[in-house]
Amino acid sequence: ENSSFFSKEQQEDLLYDFYEARQDIWEWKAHVMRSENQERAKQEAIKIIDKSTALVTMDWAMKFQCQKYREKQSEWFGKRGLSWHVSSVLLKDPDTDDVVVHTYVHLFDSCSQDWFTVVSVLEDLLEQLKKRHPQLQKVYLKSDEAGCYHNTFTLISINTIGKRVGIRIQGYDYSEPNHGKDICDRIICPMKSSIRRYCDEGHDIESAAAMREALYKKPVKGVTAAVCSVNEQRRSLNAKKIPQISTYHSFRYEEDGIRVWKAYSVGPGKLIKFGSLLKCSQGPTALSV
């Protein structure tokens, strides 16, 4: 004799939950696979780091909320955040031949976190690296897929900037969400602690200059910080967008174009020539530091 434990409606609910769970598991497994594959780009770049090659990982930190040493409750509400961009550079120390990490922080009182700000920061970063490490010739870039990084204007501009500074941009790889920016996150934490300690000693942190002063008085090893302002009048790039750019996550620069992959090192890639994209190149961004 057959007995029914579930009604038709309960059966449909259970089947729906089952199919949803199965789809979520497949998507999670796909995310893990993509994350590990994109991680290979970083590991391979680290293997070839030498005195002339570096790996740069970039990230916008969460906006820093202004703080006062003694603050009224009414002043706690409606605070504005200060933007700060973190660039962690892996390179070989020319004296000890060890791989070291240097972090460059660009602080802004206000700015649009768009492609031009990123390009301006990157140009200043490459100039600083070239001054401190004249032997540096090649750089690999890595970041998350935020719109200010993952777009045609950024990809085309940094190639022009690299040639102007004298450092060749070899490639740009984008990491999966929640994976690949750990090197930046690790240094942001002690920097926040350093700024808070400075505030606890009786100082107000209400501007980018105050943040820079805090990082100067309470230094974090390997960190260089500067107060910056973007020169919006220097925007000059005019280019067509790369079709379906959101589906590409790995880019390598060649003489006449960019070779793109949907995933790092899977297949021969597709070459997109600069001539089909570029109408007017980006000139010097003249970031005020």
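Everything numeric here is computed off the predicted structure, so don't read it as measured data.
How far CG of Leu277 is from CG of Leu155: 10.0 Å, rounded to the nearest 0.5 Å.
Remark: the backbone N or O of Tyr248 is paired with a side-chain donor or acceptor of His150 at under 3.5 angstrom. Under the 3.5 Å distance criterion, the side-chain polar atoms of Glu145 are left unmatched by any main-chain donor or acceptor of Glu176. Counting only distance, with no hydrogens or angles, the side chain of Asp59 and the backbone of Val86 share no donor-acceptor pair below 3.5 Å. No donor-acceptor pair closer than 3.5 Å links the side chain of Lys138 to the backbone N or O of Ser52. For the pair Asp98 (side chain) and Asp93 (backbone), a donor-acceptor distance under 3.5 Å is absent. Judged by distance alone, with hydrogens and angles left aside, the side-chain atoms of Glu123 form a donor-acceptor pair with the main-chain N or O of Thr285 at under 3.5 Å. Side-chain N or O atoms of Gln282 include one that pairs as donor or acceptor with a backbone N or O of Arg234 at under 3.5 Å. Of the possible polar contacts, none joining the Trp26 side chain to the Ala21 backbone as a donor-acceptor pair under 3.5 Å is found. Of the possible polar contacts, none joining the Gln67 side chain to the Cys199 backbone as a donor-acceptor pair under 3.5 Å is found.
In this structure, Ile188 is not a member of the same hydrophobic cluster as Val121, with clusters built from ILVMFWY side-chain heavy atoms closer than 4.5 Å. Both Val139 and Ile156 are members of a single hydrophobic cluster when ILVMFWY side chains are connected at heavy-atom separations under 4.5 Å. No continuous path of hydrophobic side-chain contacts links Leu122 to Leu55 [ILVMFWY only; heavy atoms under 4.5 Å]. Both Val56 and Val289 are assigned to one and the same hydrophobic cluster, defined by single-linkage of ILVMFWY side chains at heavy-atom distances under 4.5 Å.
Residue Glu9 qualifies as open at atom CD: its count of foreign heavy atoms under 6.0 Å is 12 or below. Atom CD of Glu27 is surrounded by more than 12 heavy atoms from other residues, nucleotides or ligands within 6.0 Å.
In terms of heavy-atom proximity, Ser236 sits nearest to Ser281 at OG-O, 3.3 Å. Here the shortest heavy-atom pairing between Gly267 and Trp261 reads O-NE1, 2.8 Å. For Ala263 against Ser250, the heavy-atom pair with the smallest separation is C-CB, 4.4 Å. Nearest heavy atom pair, residue Ser175 against residue Lys181, reads OG-CG, 4.3 Å.
In this structure, Arg196 does not pair ionically with Asp200, as no charged nitrogen and carboxylate oxygen lie closer than 4.0 Å. Classification of Lys42 and Glu39 as a salt-bridged pair holds, one side-chain N sitting under 4.0 Å from a carboxylate O. A salt bridge links Glu255 to Arg168: at least one charged side-chain nitrogen sits closer than 4.0 Å to a carboxylate oxygen. Ion pair Glu201/Lys218 flagged as a salt bridge, since at least one NZ, NE, NH1 or NH2 atom sits closer than 4.0 Å to an Asp/Glu carboxylate oxygen.
The one candidate from Trp60, Tyr149, Tyr172 that meets the side-chain hydrogen bond (donor to acceptor under 3.5 Å, both in side chains) condition with Ser143 is Tyr172. The only member of His85, His106, Arg212 that meets side chain to side chain contact (heavy atoms under 4.5 Å, CB included) when paired with Cys228 is His106. Screening Arg40, Arg252, Lys142 against Asp173 for a salt bridge (charged side-chain N to carboxylate O under 4.0 Å, His left out) leaves a single residue, Arg252.
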message: Evaluate Tyr253 against Phe251 for ring pair (Phe, Tyr, Trp, His ring centres under 6.0 Å), listing each step before the verdict.
response: CA-CA 7 Å; Tyr253 290 90; Phe251 299 80; 7.9 Å; no
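Using a 4.5 Å cut-off on side-chain heavy atoms (C-beta onward), Leu237 and Leu278 make contact.
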